[in-house]
Amino acid sequence: MNPKFQAPKGVSEYLPPRSNLFDYVSRTLTAPALAAGYELIELPIFEDTELFTRGVGESTDVVSKEMYTFEDRGGRSLTLRPEGTAGVMRAVIEHNLDRGQLPVKLYYRGPFFRAERPQAGRYRQFYQFGIEAIGVNDPYLDAEVIGIAYSGYRKLGLTNFSLHITSLGDAESRDRHRSDLIKFINSLNLDEETKARAAKNPLRLFDDKREEIRSKMQTAPLLLDYLNDESQDNFTAVQAALKSIGVPYEINPHMVRGLDYYTGTTFEFVHKGLGAQSGIGGGGRYDGLMETLGGQDLSGIGFGLGIDRVLLAMESEGCVPTNIRYVDLYVIPLGVPAQSSAFALVNELRHAGFVIEQSFGDRALKGAMKAADKSGARFAIVLGDAEIASGTVELKEMSTGKVSSVTLSTLASELAKRS
RNA sequence: GUGGGCGUAGCUCAGCUGGUAGAGCACCCGGUUGUGGUCCGGGAUGUCGCGGGUUCGAGCCCCGUCGCUCACCCCA
C-alpha cells in the first residue's frame with residue numbers, strides 16, 4: 001500500500017494478463033506493414049535535442065513545453081524522443097538509406113516521451129507503432145500508408161472509429177491561404193491567449209473546443225478552397241485510391257495536426273469510444289522535413305499509431321480477445337523422485353514444440369490441478385511414483401476431465417494426435 | 001501549467017450525526033491417502049496515502065503534503 005518506490009508519474013505499465021494483450025495489439029498492427037514490405041528500423045530512445053526543435057518545429061507544443069531534455073556528461077543536449085519521424089529521417093540521412101531504390105519503407109515501434117499532464121489515454125511514456133515511406137510522392141503511396149493503418153485497426157476488430165483526411169496542399173497554396181486566414185482572424189475580437197495561439201499557428205483555431213470560437217470560425221477561409229490544381233488533383237487521386245481499397249473516410253477541412261512538418265495529405269483516426277484523447281493514430285506527408293534536417297530534398301509520408309490508445313479503444317468496444325495465452329500442457333509431479341523425471345520430461349517436450357508449464361513446490365494435487373485449470377492448458381499430466389514404476393503418465397484432458405494412462409514413449413505423438 | 005473527483009485487505013469497494021475496520025472476488029487449507037472448473041466448512045492479510053491539529057476518543061472533522069484520476073491545454 002505504501003511502496004517505497006513508485007513508477008514515475010504518468011507512465012503506462014503493462015502487467016500480466018493485460019501485457020499479453022498489449023503484445024498482441026502491437027504484433028497485429030505491425031502485420032499489414034510487413035505484408036507491404038516495410039522493414040524494421042530500431043532507433044535510439046534519445047537524440048540530439050536540435051533534431052526535434054528543427055524537425056518537429058519550435059512553435060509546436062511538443063517542442064516548446066513537452067520534451068524531456070537533459071544534458072549528458074559531455075555537455076551535449078539530448079532529448080527523449082517525443083515522436084518517431086524525425087529520428088527515422090536522421091537515420092535515413094546519416095546512413096544514406098535513400099541512395100538505393102525508392103521509396104525507402106520502414107516501420108518502428110517502441111516508447112515515446114512527452115512531459116504532459118497525464119489523463120485517460122495520455123501518458124508521459126507511451127507506445128507507438130509507425131511507418132514511413134520516403135522518396136516518392138505518389139497518391140497511391142499515400143493511400144497505401146493510410147490503408148495499412150486501417151487494416152491494422154480492422155484486424156483487431158475495431159469498428160467504432162472514423163478516418164478524417166484533408167490536404168494541406170503545397171507551399172504556394174498554404175501561403176495564399178495563410179495570409180487570408182490571418183487577415184480573417186485579426187478581424188475577430190479574441191482574447192489574448194487565443195491570439196497568442198493563432199500567432200503560433202493560425203490553423204489551430206479551427207479545432208478550438210469552445211463554442212464561441214467555433215462559431216466565429218465558421219466563416220473562416222478554408223485551406224481546402226485554396227488548393228491549386230496540382231494539389232487538388234493529388235488529393236482527389238488519394239481519395240479515389242482509398243475508395244478502390246474500401247477504406248471509408250470523411251474529409252475534415254478543420255483538421256489540425258500538432259507537428260509543423262506536415263504538407264499535402266494529412267489524416268487522423270479518431271475513435272468514438274474514448275475520452276478526450278480520442279486520436280488513435282495519425283500522420284501525413286512531409287515535403288520539406290528531410291531537407292530541413294540536412295538531407296536530400298525528398299518527400300515522405302508516414303503515420304504514428306498510439307498502441308496504448310488502440311488497446312483502450314478495443315476495451316471500449318469490447319473486442320478484446322480471450323485466450324491469447326496458449327498452453328498445451330501442465331505437468332504435475334508428485335513426490336521427490338517424480339520431480340526430476342518431470343523436469344526432464346518437460347524439457348524434452350518443449351523441444352518437441354509444446355508449450356508447457358509445470359507445477360513447482362510441493363503443493364497438494366488439488367491445488368496443482370487448480371493451477372493447471374487457471375493456466376488454460378488443454379492437458380494436464382500427473383507423474384508420481386506409480387507412473388514412474390510403470391513408465392507411464394496420467395494424461396488428463398481438461399475440457400472433459402477424462403483421464404487416461406499413456407506410456408512415456410508415445411506421449412509426444414499422443415499429444416500431437418490430440419491437438 | 002490550470003481546475004474537479006478520489007486515496008480503507010492482492011483487486012473492486014462499504015463504513016451512519018466522530019466510539020479504535022468490514023463485504024465480495026482472489027489466495028491458502030480441509031470436506032475427496034493422487035485429480036481443476038460447482039458446492040460446503042475453515043484460515044491469513046490492513047502503519048484506513050503521509051504529517052500535523054481539534055477531541056476523552058479520528059477511517060470519518062480541520063490544515064498541510066504526496067499520489068492517483070478526469071477535464072482544460074495539447075495530442076498517440
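Below, chains carry the letters A, B, ... as their sequence lines are ordered, and counting in each starts from 1.
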Pairwise [atom1] distance, [M] and [N] [rounded to whole Å]:
| N | M | atom1 | value |
| --- | --- | --- | --- |
| B:rC25 | B:rG59 | C1' | 23 Å |
| B:rU65 | B:rU55 | P | 23 Å |
| B:rA23 | B:rU2 | P | 43 Å |
| B:rG15 | B:rC72 | P | 30 Å |
| B:rC48 | B:rU20 | P | 15 Å |
| B:rG49 | B:rG37 | P | 36 Å |
| B:rC50 | B:rU32 | C1' | 49 Å |
| B:rA14 | B:rC61 | P | 14 Å |

(message) Categorize A:Leu365 for me: base, sugar-phosphate, or nothing, with a 4.0 angstrom heavy-atom threshold over every strand shown.
(response)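 Base contact.
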(message) Under 4.0 Å, counting only non-hydrogen atoms across every strand here, what does A:Ala372 touch: a base, just sugar-phosphate, or nothing?
(response) nothing
(request) Please work out which of the three classes, parallel, tilted or perpendicular, describes the rings of A:Phe22 and A:Tyr14, given edges at 30° and 60°. (result)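 If you compare the ring of A:Tyr14 with that of A:Phe22, the planes turn out parallel.
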(request) Look at the rings of A:Phe206 and A:His177 and say which category their plane angle falls in: under 30° parallel, 30 to 60° tilted, over 60° perpendicular. (result) parallel
What nucleotide among [options] has an atom nearest to a side-chain atom of [X]?
| X | options | result |
| --- | --- | --- |
| A:Arg363 | B:rG3, B:rA76, B:rC28 | B:rC28 |
| A:Val382 | B:rC74, B:rG34, B:rG1 | B:rG34 |
| A:Lys370 | B:rC72, B:rG36, B:rA76 | B:rG36 |

Residues [X] and [Y] bridged, charged N to O under 4.0 Å:
| X | Y | value |
| --- | --- | --- |
| A:Glu39 | A:Lys105 | no |
| A:Glu71 | A:Arg76 | no |
| A:Asp23 | A:Arg27 | yes |
| A:Glu47 | A:Arg90 | yes |

(request) Check RNA chain B against residues 36-51 of chain A and give the residues with a non-hydrogen atom under 4.0 Å, in numerical order. (result) none
(request) Give, ordered by number, those residues of residues 329-339 of chain A having at least one heavy-atom distance below 4.0 Å to an atom of RNA chain B; if nothing qualifies, reply none. (result)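 Output list: A:Leu334.
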(request) Report the distance from atom CG of A:Asn137 to atom CG of A:Asp287, rounding to the nearest 0.5 Å. (result) 6.0 Å
(request) Look up atom CZ in A:Arg124 and atom CZ in A:Arg117, then write down how far apart they are to the nearest 0.5 Å. (result) 8.0 Å
(request) Starting from the 5' end of RNA chain B, give me the residue, A:Gly275 or A:Gly306, whose nearest nucleotide shows up first. (result) A:Gly275
(request) On RNA chain B, check which nucleotide each of A:Ala120 and A:Gly279 is closest to and give me the residue with the more 5' one. (result) A:Ala120
(request) Locate the shortest heavy-atom distance separating A:Ala313 from A:Ile280; write the atom from each residue and the value. (result)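 Closest approach of A:Ala313 to A:Ile280, heavy atoms only: CB-CG2, 4.4 Å.
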(request) Taking the six-membered ring for Trp and the single ring otherwise, decide whether the centroids of A:Phe269 and A:Tyr153 are under 6.0 Å apart. (result) yes
With respect to the phosphate group of [N], does any side-chain polar atom (N or O) of [X] fall under 4.0 Å of OP1 or OP2?
| X | N | result |
| --- | --- | --- |
| A:Gln119 | B:rA71 | yes |
| A:Arg204 | B:rC75 | yes |
| A:Lys9 | B:rC68 | yes |

(message) Under 3.5 Å, is there a donor on one side chain and an acceptor on the other for A:Ser399 and A:Arg378?
(response)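 Side-chain D/A pair, A:Ser399 to A:Arg378: absent.
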(request) Indicate whether any N or O donor in one side chain lies under 3.5 Å from an N or O acceptor in the other, for A:Gln239 and A:Tyr249. (result) yes
(message) Stacking between A:Phe126 and B:rA76, defined as ring centres under 5.5 angstrom apart with planes under 30°, is that present or not?
(response)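 The ring of A:Phe126 is stacked on B:rA76.
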(request) To the nearest Å, give me how far apart CZ (A:Arg109) and C1' (B:rA76) are. (result)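 Value for this atom pair: 16 Å.
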(request) Note every stem involving RNA chain B: at least three consecutive Watson-Crick or G-U wobble pairs, i with j then i+1 with j-1, with both distances under 3.5 Å. (result) B:1-7 with B:66-72, B:10-13 with B:22-25, B:27-31 with B:39-43, B:49-53 with B:61-65
